[in-house]
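Scroll down for the structure; my scribbles are underneath it.
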Protein chains: 2
Amino acid sequence: MDEPAPRPKRTRIQREKRELIGEAALEVFSRHGFRGSTIDQIADEAGMSKPNLLYYFKNKEEIFTTLIQRLMETWLAPLRAMDAAGDPQSEIRSYIRRKMEMSRDFPRESRLFANEILQGAPRILPLLEGELRELVDEKATVIAAWMREGRLKKSDPYHFIFAIWATTQHYADFDVQVRAVLGEKRGGEGRFEDAARFLEGLFLE
Amino acid sequence: MDEPAPRPKRTRIQREKRELIGEAALEVFSRHGFRGSTIDQIADEAGMSKPNLLYYFKNKEEIFTTLIQRLMETWLAPLRAMDAAGDPQSEIRSYIRRKMEMSRDFPRESRLFANEILQGAPRILPLLEGELRELVDEKATVIAAWMREGRLKKSDPYHFIFAIWATTQHYADFDVQVRAVLGEKRGGEGRFEDAARFLEGLFLE
DNA sequence: TTAACGTTTGTCCAAACGGTCAAAAATTTC
DNA sequence: GAAATTTTTGACCGTTTGGACAAACGTTAA
């Protein structure tokens with residue numbers, strides 16, 4: 001975390017296998033959290049032996065942190081993309097759409113993140129208090145300005161952002177519940193589109 | 001799950017100790033999920049030895065299911081209380097308020113529930129597909145009627161309910177993140193009141 | 001006082017856990 | 001193709017885990 005860490009040179013196989021392991025680890029960690037997951041499970045999922053896996057990652061911790069570090073970038077990208085110079089309505093709409101697509105296309109990433117936060121964010125708290133907070137401060141200011149100018153319905157910009165996070169991620173993290181409640185007919189693939197439309201109506205106009 | 005189970009007669013000590021263990025288990029399970037928690041941790045938290053704890057509950061599974069079964073009742077109560085004969089605006093407002101109070105006063109229960117769902121709801125899926133679904137169907141019908149009568153802004157009643165769940169529970173499940181982002185000043189006790197006011201504005205009018 | 005019952009503890013076990021290691025196997029480099 | 005290097009494996013280790021058990025302890029009621 002201090003030194004720049006002299007970017008390790010990796011062979012083709014190392015890159016491929018680390019990728020494969022990351023994929024498997026995502027599957028396992030996102031369901032059971034850090035403590036609830038075992039190296040054996042991940043190795044199984046990746047189709048290799050435990051010692052072989054540990055040849056590519058020095059321990060369980062390193063697999064997890066590698067995963068969550070990569071994730072955080074992807075995770076913040078949609079909010080980063082929100083443009084102060086753009087039209088408020090379509091900026092918010094795009095933001096909701098993007099977050100909703102992430103819930104649909106990367107539910108495991110969402111659950112991994114949720115798991116980490118639920119456990120008290122032991123591994124990423126500094127990131128939340130630093131990078132995330134600064135980003136939200138910045139965008140909240142933008143939103144507040146839009147509201148002041150009457151281009152967006154007035155409310156608390158921080159809780160406005162929280163509400164978008166909560167509702168969009170709900171469709172990834174609580175997917176089982178959503179499908180259970182909606183049943184066969186409405187719980188199919190269309191549920192994400194329905195949800196996106198609902199959320200646009202909720203947050204805009 | 002089949003037989004009515006002949007209500008076990010319990011001594012005073014048994015009732016007290018089972019209560020004490022439940023309290024401790026809630027603390028531990030809500031942070032680490034089922035697989036991530038150990039009986040030793042729970043016993044420690046309850047201030048007793050592991051064998052002693054296992055005298056009151058026959059295994060880890062039973063502690064968990066006892067906990068989550070009791071929880072489900074409490075959890076659904078606010079939605080149950082929503083009255084078709086009442087005024088839509090104040091019914092929704094009360095519902096949001098109640099859910100928000102639960103996030104503030106029972107965050108561990110909320111996290112326990114979230115953990116279970118994140119893991120795919122292995123222990124309560126039947127309940128979600130049965131009791132919960134029926135309840136939501138019923139209340140969604142009520143809300144739909146209110147909307148048709150023009151007494152509530154028109155939208156999808158199911159996603160409307162999901163959105164209330166997601167936003168209110170966010171303040172319990174993602175509390176660490178909320179506080180990290182809001183910082184010292186706005187992240188204090190007042191955050192629940194701020195959130196409740198924001199949510200009323202979002203869902204009503 | 002003692003028999004009966006409820007409670008608590010120390011000890012133990014087999015399985016699962018995170019991780020190591022030396023040696024075999026496969027691959028790349030010369 | 002041989003040598004050097006990378007990758008894979010099986011065997012192993014110390015620790016933690018869920019759980020069993022008998023013995024000890026405490027409490028009450030005859």
Side-chain angles (χ1 to χ4, degrees), chain A residues 6-69 112 115-116 119 122-123, chain B residues 6-69 112 115-116 119 122-123:
Chain A
R7 163 84 85 133
K9 305 151 202 162
R10 301 215 166 94
T11 68
R12 174 185 52 88
I13 294 186
Q14 276 167 355
R15 266 178 281 115
E16 287 173 4
K17 289 295 169 74
R18 280 179 65 99
E19 181 56 36
L20 181 70
I21 293 167
E23 174 69 15
L26 183 57
E27 189 71 32
V28 177
F29 279 138
S30 72
R31 278 291 180 206
H32 306 289
F34 183 76
R35 289 220 39 194
S37 305
T38 74
I39 301 183
D40 272 309
Q41 278 177 70
I42 299 171
D44 253 33
E45 185 79 30
M48 62 176 72
S49 65
K50 180 168 64 172
N52 195 10
L53 185 151
L54 286 169
Y55 169 73
Y56 294 103
F57 288 87
K58 82 168 193 290
N59 55 31
K60 189 177 164 185
E61 187 83 26
E62 202 199 283
I63 310 172
F64 191 87
T65 50
T66 301
L67 216 52
I68 212 158
Q69 218 141 13
L112 181 74
N115 247 315
E116 171 70 6
Q119 281 162 33
R123 283 158 252 269
Chain B
R7 163 85 84 132
K9 305 152 202 161
R10 301 214 166 95
T11 68
R12 174 184 52 87
I13 293 187
Q14 275 167 355
R15 267 179 280 113
E16 287 172 4
K17 288 295 169 74
R18 281 179 64 98
E19 181 55 37
L20 181 69
I21 292 167
E23 173 66 20
L26 182 57
E27 188 70 31
V28 176
F29 279 138
S30 72
R31 276 292 179 202
H32 307 290
F34 182 76
R35 290 218 38 193
S37 304
T38 74
I39 301 183
D40 271 311
Q41 277 176 68
I42 299 171
D44 251 35
E45 186 78 32
M48 62 177 71
S49 65
K50 181 167 64 172
N52 196 9
L53 185 151
L54 286 169
Y55 170 72
Y56 293 103
F57 288 87
K58 82 168 192 290
N59 55 29
K60 189 177 164 184
E61 187 81 26
E62 201 199 285
I63 309 173
F64 191 86
T65 51
T66 300
L67 216 51
I68 212 158
Q69 219 142 14
L112 181 75
N115 247 314
E116 170 70 7
Q119 282 162 32
R123 285 159 250 270

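Here is how names work: the chains are called A, B, and so on, in the same order as the sequence lines, proteins then strands, and each is numbered from 1.
- Close to dT7(D), at under 4.0 Å from its OP1 or OP2, lies no side-chain N or O of N52(A).
- Straight-line distance from the CZ atom of R15(B) to the P atom of dT7(C): 11 Å, rounded to whole Å.
- Here dT6(D) presents its C1' atom at 14 Å from CD of E16(A), a figure rounded to the nearest Å.
- When rounded to the nearest whole Å, the span between CZ of R35(A) and P of dA16(C) equals 17 Å.
- Regarding K50(A), its NZ atom lies at a distance of 14 Å from the P atom of dA11(D), rounded to whole Å.
- Checked by atom type and distance alone, the side chain of K50(A) never pairs as donor or acceptor with a backbone atom of D44(A) at under 3.5 Å.
- The minimum heavy-atom distance linking I21(B) with A46(B) is given by the pair CA-CB, 4.4 Å.
- Of all non-hydrogen atoms in A24(A) and I42(A), the two that sit nearest each other are CB-O, 3.6 Å.
- Taking every heavy atom of both residues into account, S30(A) and L112(A) meet most closely at CB-N, 3.9 Å.
- Partners of Q41(A) under the side chain to side chain contact (heavy atoms under 4.5 Å, CB included) rule, at least two apart in sequence or in another chain, are V28(A), H32(A), T38(A), R35(B).
- A pairwise comparison of heavy atoms in E62(B) and F57(B) identifies OE2-CD2, 3.4 Å as the closest pair.
- Looking at residues 36-49 of chain B, you'll see S49(B) sit with a heavy atom under 4.0 Å from some atom of DNA chain C.
- A heavy-atom distance below 4.0 Å to DNA chain D is reached by these residues of residues 53-61 of chain A, ordered by number: Y55(A), Y56(A).
- Of all heavy-atom pairs between N115(B) and F29(B), the closest is ND2-O, 3.6 Å.
- The two residues R123(A) and E61(A) have their closest heavy-atom pair at NH1-OE2, 3.0 Å.
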